[in-house]
Q: 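Just dropping this structure here.
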Amino acid sequence: MVGSCDRKTEESAAKSKKQNLADDTIQGLGPSCNYLKFIINTAPGDVYKNTSIPLPASVWHYDEDRQTYVNEVDVEEFLRGACLNISVIQVYMMCLFHEHTFAFDNSQIGFVCPEAMSSSRIKANPQAASMYLKVVFNAEIEKEKKGDPNITKWFLIPYHQENHWILYVLDLRRGCAYIFDSAIGSNRENSAWGILCLAYQVYKFNDGICPNRATMQGLKGFHVKCAQQVGAHECGYYVMKFMHEIVTLHHNTDERLDNAYTPRNAPYTDEEIDVVREQWAKFFTTEYLFT
């Protein structure tokens, strides 16, 4: 597998970073993050050099269950507040799914795999990304045909491009993509938008439920006024925070998300970001290290 920074995350790629994890520069951590740091530092040998993360097909819209890896490099970067690898984001998505199952079951929030939709994967094989989305959206069409009430209201799609994370929230039935970008105004290449638009057109012309089926009108993008980062490496944590807010605060709303979401321009405080970091560290430790 290839991580968000085009770094291999297979077992053979990880090098021990216990020296760095013990560095005094990792300070100001909450109890769960400190405990994770202690575990990684004191574990014998390479027992936590690579940690396997199961990715259930039912959650990620795969044809079969898969797995990814979080290695010591990923953990060290997470504890330092550095750029986040794709597998770290996937772990947090699984954390949300486990911790807020009720919200997912009742509001029908779904995930799209950030690895399948990463910029590096799209550039390498755009057809594979298109086919992946086609499978996801065809499953929704089948639900609609059967009158299944559990159609997905929003798909959460973390997307990595040029060392920056943004969050797409896709509302198929309204033909809207809500864009949460913690560094609005930056000029970056965007490989995902064209793939999303193409997949939406396929959904629409295969009789998917949408307001503009009889026209050529495509997917509309709406930038949500959201917290703006002040540094260069916070984007992954902001995307985790955006997802957390959507799942916990807005899962019951029937409004358009850009109307329901409370506008914000100020950056998140350290305390606000620590909420999701603590959640990640606790979930990763209990679900994957001690199993």
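The structure presented is a predicted model; accordingly, all values stated were derived computationally and were not measured.
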Q: Describe, in one word, how the ring planes of Phe137 and Tyr203 are oriented to each other, choosing from parallel (under 30°), tilted (30 to 60°) and perpendicular (over 60°).
A: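 Phe137 and Tyr203: perpendicular rings.
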Q: For Val136, give me all partners under side chain to side chain contact (heavy atoms under 4.5 Å, CB included), at least two apart in sequence or on another chain.
A: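 Testing Val136 for side chain to side chain contact (heavy atoms under 4.5 Å, CB included), a comparison that skips the adjacent residues, returns His61, Tyr132, Phe155.
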Q: For Gln229 and Ser182, does a side-chain donor sit closer than 3.5 Å to a side-chain acceptor?
A: yes
Q: Going by side chain to side chain contact (heavy atoms under 4.5 Å, CB included), name the residues that satisfy it together with Gln127, two or more places apart in sequence or in a different chain.
A: Asn125, Met131
Q: Measure the spacing between OG of Ser119 and CD of Glu162 and express it to the nearest 0.5 Å.
A: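 Between atom OG of Ser119 and atom CD of Glu162 there are 7.0 Å.
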Q: Passes side-chain hydrogen bond (donor to acceptor under 3.5 Å, both in side chains), Tyr69 versus Gln67? Steps please.
A: CA-CA 7 Å; Tyr69 295 94; Gln67 65 180 358; 3.2 Å; yes
Q: When you look at NZ of Lys143, are more than 12 heavy atoms from neighbouring residues, nucleotides or ligands closer to it than 6.0 Å?
A: yes
Q: Compute the centroid of each ring, for Trp165 and then for Tyr159, and state whether the two points are separated by less than 6.0 Å.
A: no
Q: Name all pairs fulfilling the ring-ring contact (aromatic ring centres under 6.0 Å, His included) condition that reach into residues 176-195, sequence neighbours left out, sorted by first residue then second.
A: Phe180-Phe242, Phe180-Tyr261
Q: Determine, stepwise, if the pair Leu172 / Thr152 fulfils side-chain contact (heavy atoms from CB on, under 4.5 Å).
A: CA-CA 8 Å; Leu172 277 178; Thr152 305; over 6 Å; no
Q: Under 3.5 Å, is there a donor-acceptor pair between the Gln279 and His244 side chains?
A: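 On atom types as modelled, these side chains qualify, holding a pair under 3.5 Å.
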Q: Are His223 and Asp258 close enough that a side-chain donor and a side-chain acceptor fall under 3.5 Å?
A: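 Per modelled atom types, His223 and Asp258 side chains form no pair under 3.5 Å.
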